[in-house]
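So the structure is just underneath, and the comments pick up after that.
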Protein chains: 4
Amino acid sequence: MPEPKQAVGRPRDSRVDHAIAGATRELLAERGYAKLTVDAVASRAGIGKAAIYRRFATKQEMIFAATVHDMEEQPPPDSGSLRGDLEAVCEVIAKQLSTAPPDVLHGLLADIHGDKALGARFSGTFIERERFVIDTVLERALERGELAAKPDAAIVHAQLLGPIFYWILILIGDHGRLADLGRSVAAMVADSLTASG
Amino acid sequence: MPEPKQAVGRPRDSRVDHAIAGATRELLAERGYAKLTVDAVASRAGIGKAAIYRRFATKQEMIFAATVHDMEEQPPPDSGSLRGDLEAVCEVIAKQLSTAPPDVLHGLLADIHGDKALGARFSGTFIERERFVIDTVLERALERGELAAKPDAAIVHAQLLGPIFYWILILIGDHGRLADLGRSVAAMVADSLTASG
Amino acid sequence: MPEPKQAVGRPRDSRVDHAIAGATRELLAERGYAKLTVDAVASRAGIGKAAIYRRFATKQEMIFAATVHDMEEQPPPDSGSLRGDLEAVCEVIAKQLSTAPPDVLHGLLADIHGDKALGARFSGTFIERERFVIDTVLERALERGELAAKPDAAIVHAQLLGPIFYWILILIGDHGRLADLGRSVAAMVADSLTASG
Amino acid sequence: MPEPKQAVGRPRDSRVDHAIAGATRELLAERGYAKLTVDAVASRAGIGKAAIYRRFATKQEMIFAATVHDMEEQPPPDSGSLRGDLEAVCEVIAKQLSTAPPDVLHGLLADIHGDKALGARFSGTFIERERFVIDTVLERALERGELAAKPDAAIVHAQLLGPIFYWILILIGDHGRLADLGRSVAAMVADSLTASG
DNA sequence: GGCTAAACGAGACGGTACGTCGCGTCTTGAG
DNA sequence: CTCAAGACGCGACGTACCGTCTCGTTTAGCC
């Protein structure tokens, strides 16, 4: 039975992990993504740069870990209808996107897509989870008989979540109206699927 | 009659402007957004760095000018129906987004939203144009009698274009299916508006 | 009879020459040699840079012309003795060197010896004049019978003027004591020549 | 007991100091003072520019440290006579000045006198050492009884070393005759002091 | 309790790009 | 042909950040 790591030497200090994540989030909020430097994070956290690079290979990984921390993304509880389920999905996504300022999201996306490895990991986790949630919701509708045939999940994915991302990332729209937008999109997509499908 | 500028001293050489824009676009295509350097642009363009910084305050402004340059974004010719008009809008946007590699789009968006001034200019030109196009199309539908009341243009904007941006920027989806996506979204939005409106 | 120059077109404005020299001297006094820029001279003089480069090939030539303006350096009137003549020579040189701040002299010397052409011109005028003055004074002493044989003028040159330059340029010594230094050096050199020669 | 510095963090690498000084001296010899660039020094030394600017505030400080480095300037061994001692002083100074090409000396002097701080440091080290050497030699002569009273050391300083600097810096004279010049100046100054003192 | 090995804060290191500044040249329109 | 204004190519400057690498010290687990 292989132990994952030989536990010799001084163990990592978990307070350092929290200090890094905390300092990163603080500085992102104070100065924005573009002005975030590793030295500033180390200084604010009261630690050395080596402690950061012992944990993360690059600055981007560090930010990724500090911001995209708790990606649960479970399918929502069955609401009894496709429309209700889609609304719930929109709501969860909107809430998640609203936690970070838009410049952080853009910076992160740019770095993610500028680095092959990070990009693959992003698609393999974040996107895959979303796809799975949408798949699950559509399956439920099939079982209920709301849908006759299984629609293309990728298309539905874009139709449902695209407007939310666009509102937050591109339009920098009012967050108070996000709930309305989510409901209207969910209704529209549900109607479209049940009518044509 | 206010002259915009006193034409004193040697005037700016418009060939330099074109050389900068051309070199920027070439190098973006060849090396990607992250690897673009101002020195490389100057060298490729056969000019000095000073000529660049005389025109743009930062590297980001230079890229902005070189890429978001000929955003025409005229409303499409009247197709006779709301659905047809929306399809045409989707098609134009999809084509524009497809010309640039995705990492350029992400880098540009990140820089735009990382700089107040650039962000304002982006909203004031690109977004405003899109909004105007959508407004125009909705007005036509009102005149035709397809719509009873004017819908919220911002919501329609997100519903229509969000999925396309999402497909390209987040999903890094197949460009071959963009046309299908555009048609399906246009149909869905048109149905939604005519049914509920 | 060949005119030295074809007098066609607009003649040079002599006020421009004076403005250049004046601005150069002002800025040298205000900011020092190292901080003097051609743009600043043009701006202060209220003229264009082209007017400067039409007159001088380089910045150094401009400064040279503005500072080393009236190099007369005639041999002093015959005082009746070698010692008196040498004193007079020291006095004149000391007065000339005292007009410019030491940083200007050093800057000028550095530039002069960094540029072959300028260096040759400097040696050909300034140094040659000094040498001629010393030669003349020594000839007089020979005729008077103070000296039996003609000493090596180059060595005398260094012995006599070296201390003056050193005092001003290297020691940044008190200008009030320059007269004393000159007298003591003149006496010493005269004694040395009349005793050993 | 005051520790000069808290020895925290990685200490400076002394090999880097030597590499900087070595590269600087090499490049000064190869290309001359005016063509020396910080980038070239860093490249030649195999180090980064930051390592240079961590040690020196400006390029001038770097050159100063690399050239005015091992100014030992000990008083010469007692030769038994004032004249012998003065000859020895001249010889040492002439040898030191002959090692560097004249354009380096001029450049260095220009930079030293163009920067307050550097000028003060130059006076406080180099000049002070020379003065001390001369003082020591004069004290010996007093003890021997060659001199009745202590002469003005500053004047003697200029009288003795001025001609040598002038020969090298201004006249760009033949180095082969420097020894002769030194001897003649030493004799002249010694005679002058013993006669008048 | 002592030994070993890794983690720690601090900060120096090589490298790369940035945005600025100065030089000497060139290009306007006016005189 | 000259002038004032100012853009141009070039190249060096000094700064900032990245990810790596020593330092000397601290902290755990195993003997």
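Values below: all heavy atoms of this structure, side chains included; hydrogens, waters and symmetry mates excluded. Lettering of chains follows the sequences in order, A, B, ..., and the numbering in each one begins at 1. Bear in mind that the values here come from a model prediction, so they are computed numbers and not experimental data.
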Quiz item: CG of D:D115 versus C1' of F:dG14: gap in Å, rounded?
Solution: 15 Å
Quiz item: For the pair made of CD1 in C:I52 and C1' in F:dT2, what is the distance, rounded to whole Å?
Solution: 15 Å
Self-check item: Whole angstrom value for the distance that separates C1' of E:dG9 from CZ of A:R15
Solution: 13 Å
Quiz item: Given atom CD1 of B:I63 and atom P of E:dA17, what is their separation to the nearest angstrom?
Solution: 14 Å
Exercise. Drop me the distance from A:F64's CZ to A:D111's CG, to the nearest 0.5 angstrom.
Key: 11.5 Å
Practice problem: With rounding to the nearest 0.5 Å, note down the distance linking CZ in A:F56 to CD in A:E61. | Solution: 8.5 Å
Quiz prompt | Minimum heavy-atom distance between B:T67 and B:I63, given as atom pair plus value | solution = OG1-O, 2.7 Å
Quiz prompt | Phosphate-side-chain proximity, A:Y53 and F:dT20, N/O vs OP1/OP2 below 4.0 Å | solution = no
Quiz item: Once the angle between the rings of C:H113 and D:H106 is folded into 0 to 90°, is it parallel (under 30°), tilted (30 to 60°) or perpendicular (over 60°)?
Solution: parallel
Self-check item: Distance in Å, C:L169 CG paired with C:D103 CG, rounded so as to fall on 0.5 Å steps
Solution: 11.0 Å
Please write out the pairs of protein N or O atoms and N or O atoms of nucleotides 8-12 of chain F separated by less than 3.5 Å, giving the distance to one decimal.
residue: F:dC8; atom: OP1; partner: B:D13; partner atom: N; Å: 3.3
residue: F:dC8; atom: OP1; partner: B:R55; partner atom: NH1; Å: 3.4
residue: F:dC8; atom: OP1; partner: B:R55; partner atom: NH2; Å: 2.6
residue: F:dC8; atom: OP2; partner: B:R54; partner atom: NH1; Å: 2.5
residue: F:dC8; atom: OP2; partner: B:R55; partner atom: NH1; Å: 2.8
residue: F:dG9; atom: OP1; partner: B:G46; partner atom: O; Å: 3.4
residue: F:dG9; atom: OP2; partner: B:G48; partner atom: N; Å: 3.0

Quiz item: In Å, rounded to the nearest 0.5 Å, how long is the span from NZ of C:K59 to OG1 of C:T37?
Solution: 7.0 Å
Quiz item: When the distance from CZ of B:F56 to P of E:dT20 is rounded to whole Å, what number comes out?
Solution: 14 Å
Quiz item: C:R31 has an atom CZ; how far is it from atom C1' of E:dG22, in whole Å?
Solution: 13 Å
